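Side chains are part of it too, since the values below use all heavy atoms of this structure and drop only hydrogens, waters and symmetry mates. Just so we're clear, the structure is a prediction, and the values are computed from it rather than from any experiment.
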Amino acid sequence: MSTEQPPAVVRRGTNLDRVGGFNDTVVLDAIRRAEQRLSRVEIAAATGLSGQAISNITRRLLDAGLVREAGRQKSTGLGKPRTLLELEPTGQYAVGVHLDPAVVTVVVLDLTGQVVARRRAETPATDDPDVLIAGIAATVEDVITEAGAPRERVVGVGIAAPGPIDVDRGVVVDPPNLTAWHLVPLRDALRVRTGLPVLLDKDVTAAASAEKWAGGPNGRGSFVFFYLGTGVGAGLVIGDEVVRGATSNVGEIGHIIVDPDGPLCYCGRRGCVGETSQPRYLVQQAAQAGVVAAGIDLDDRHAVDLAFAQLCSDAAAGPGVAREIIAALAERIAKVVEDIANLLDLERVVFGGPHWNQLAPFFDESVRSALEERFLVRSVHPFVVAGTALGEDVGAVGAASLVLDHTFSPNPSVLLLGPTESAPAVAQVGSAER
């Protein structure tokens, strides 16, 4: 059975003058999604727009510095060689922030989605929102400077934060692993400190969006992005569209029960996958088994992270209790992925997050085979297990790509607030024609 992925779906334009702004984004999106540079004739064929419309739109995009001419097609002998177009990487930039309870990552993307600067640091031991937000704002400024991005071309900041969130108000509600955070207005606080438009979305949604944007074959079709960090979560893409749910809080899978005799979760039940996947729980198991030193303060995130790294290293060294602890974790996660994949008829799971690199060696063929065998429609199509193509930056890349998405979408599904506005605001081509 062929596993070749279908080409990405390109939106179609309309030749009505009153939707010129819409058509600009359709053309930009077609150029972005193409696997190779396109001529104006090919853009017209892909979008359904007339040759005259394409000529007008590409002139505007060239003048705005969002696309550039990139050589000519070889002549077929039937006419002049056609000029090819591609995105101008320096046309716009976006900043992405990934706030994990253990680590903060900040990146700058150019218009093509490439990382041009990054910073990664441990989350401060204090959960004080003001301290953390001030640190993030300072890092955003440093990374913009490092990227050499002209300030007027930085279109905004995206923040990927642990849920639950209130996306309309830009508020982080009560993340279980940031105990001091309750109804924190993160979006507005960072907007005031940076003076830039700011977008807030959930971390797993951002990661799924990043994979859709830049993950190649991993990001096409229908898949679940399984996030492995201080907590676990699931971002969903169905039919090439990111799924957010009624309040943008899709993916709260932490309370799926995988071990009825497992540890007590704060929700009052036992054996929730979120509780049994946390590094502190795995380190506690390792300490009780004598794999890591006893007496580790399980409320000290830094100490827990060091012990977790040691546990993964010991597991990689060969058979033994350390490997059994990590193998049991992999099996619990496989059970959750099985349920999600069968419920939604997905094509693949993509694993990622801050702890994926440490855990990847243990999601071996036995776990992959178990997932593939449990997929109920495997006789119709295969189920693929993959690691993220974007590494540890996936959450931050996703947050920035959500900002860039405003450039390529006439109807953003998330709210991007500028320094003073209370309505969507973002630099877009053709805005006067909307």
Thr123 side chain to Asp100 backbone, donor-acceptor under 3.5 Å: yes

Taken to the nearest 0.5 Å, the spacing of Ile253 CD1 from Ser277 OG works out to 8.0 Å

Using a strict 4.0 Å threshold on nitrogen-to-oxygen distance, state whether Arg37 and Glu69 make a salt bridge. no

Rounded to the nearest 0.5 Å, what separates atom CG in Leu371 from atom CD in Glu338? 7.5 Å

Please check: side-chain N/O of Arg368 versus main-chain N/O of Val385, any donor-acceptor pairing under 3.5 Å? yes

Backbone N/O of Glu141 and side chain of Thr145: donor-acceptor pair under 3.5 Å: yes

Looking at every non-hydrogen atom in both residues, tell me the closest pair between Pro162 and Leu99 and how far apart they are. CD-O, 3.1 Å

Rounded to the nearest 0.5 Å, how far apart are CD of Glu392 and NE2 of His355? 10.0 Å

Val304 backbone acceptor or donor facing Arg280 side chain under 3.5 Å: no

Can you measure from CG (Asp339) to CZ (Arg374) and round to the nearest 0.5 angstrom? 9.0 Å

Would you call Glu275 and Arg332 a salt bridge, taking side-chain N to carboxylate O under 4.0 Å as the test? no

With side-chain contact (heavy atoms from CB on, under 4.5 Å) as the test, would you mind laying out the steps for Leu359 and Phe308 before giving the verdict? CA-CA 10 Å; Leu359 294 172; Phe308 178 68; 3.9 Å; yes

Keeping Asn218 on the side-chain end and Gly387 on the backbone end, is there a donor-acceptor pair under 3.5 Å? yes

With the side chain counted from C-beta on, respond yes when Phe351 and Ile333 share a heavy-atom pair under 4.5 Å apart, and no when they do not. yes

From the list Val108, Ile159, Val95, side chain to side chain contact (heavy atoms under 4.5 Å, CB included) with Val140 holds only for Val95

The reported gap from CG in Asp305 to OG1 in Thr230 (rounded to nearest 0.5 angstrom) is 6.5 Å

Give the minimum heavy-atom separation between Ser222 and Gly239, together with the two atoms involved. OG-N, 2.9 Å

Smallest separation among heavy atoms of Leu402 and Ser209, with atom names: CD2-OG, 3.4 Å

Report yes if some heavy atom in the side chain of Leu38 is under 4.5 Å from a heavy atom in the side chain of Leu85; otherwise report no. no

Any side-chain heavy-atom pair of Tyr266 and Cys272 under 4.5 Å: no

Sub-4.5 Å side-chain heavy-atom contact between Val115 and Leu109: yes

Neighbour count above 12 (heavy atom, 6.0 Å) for Glu152 CD: yes

Nearest non-hydrogen partners of Asp110 and Pro89, listed with the distance: CB-O, 3.1 Å

Short side-chain to backbone donor-acceptor contact, Arg68 and Glu86, under 3.5 Å: no

Strictly distance-based, threshold 3.5 Å: is any side-chain N or O of Arg82 a donor or acceptor partner for the main-chain N or O of Val41? no

Please assess Arg60 against Asp63 for the test salt bridge (charged side-chain N to carboxylate O under 4.0 Å, His left out), listing each intermediate value before the final yes or no. CA-CA 5 Å; Arg60 286 197 295 270; Asp63 290 344; over 6 Å; no

Should Phe225 and Val394 count as side-chain neighbours, where that means a heavy-atom distance under 4.5 Å? yes

For a side-chain contact (heavy atoms from CB on, under 4.5 Å) check, start with the C-alpha distance between His381 and Val377, then their side-chain angles and the critical distance, and finish with the verdict. CA-CA 7 Å; His381 68 85; Val377 293; 3.9 Å; yes

Decide side-chain contact (heavy atoms from CB on, under 4.5 Å) for Phe362 and Leu329; before the verdict, give the C-alpha distance in whole Å, the side-chain angles of both, and the deciding distance to 0.1 Å. CA-CA 9 Å; Phe362 310 105; Leu329 165 68; over 6 Å; no

Within-4.5 Å side-chain heavy-atom neighbours: Glu211 and Val237: no

Is there a donor-acceptor pair under 3.5 Å between the side chain of Arg118 and the backbone N or O of Thr105? no

Do Leu183 and Val173 have side chains that approach each other closer than 4.5 Å (heavy atoms only, starting at C-beta)? yes

Gln358 to Cys312 - nearest heavy-atom pair and separation: CB-SG, 3.9 Å

Do Leu186 and Val198 come close enough that some side-chain heavy atom pair is under 4.5 Å? no

Between CD1 on residue Ile54 and CG on residue Leu49, distance to nearest 0.5 Å: 4.5 Å

Given side-chain contact (heavy atoms from CB on, under 4.5 Å), test Leu66 with Glu88 step by step and report yes or no. CA-CA 5 Å; Leu66 297 176; Glu88 169 53 67; 5.8 Å; no

Which atom names give the shortest non-hydrogen contact between Leu196 and Val154, and what distance separates them? CD2-O, 3.9 Å

Please check: side-chain N/O of Asn249 versus main-chain N/O of Ile165, any donor-acceptor pairing under 3.5 Å? yes

Would the distance check show the side chain of Arg40 and the main-chain N or O of Thr58 forming a donor-acceptor pair, the cut-off being under 3.5 Å? no

Could you label the plane-to-plane angle of the His98 and Tyr227 rings as parallel, tilted or perpendicular, counting under 30° as parallel and over 60° as perpendicular? perpendicular

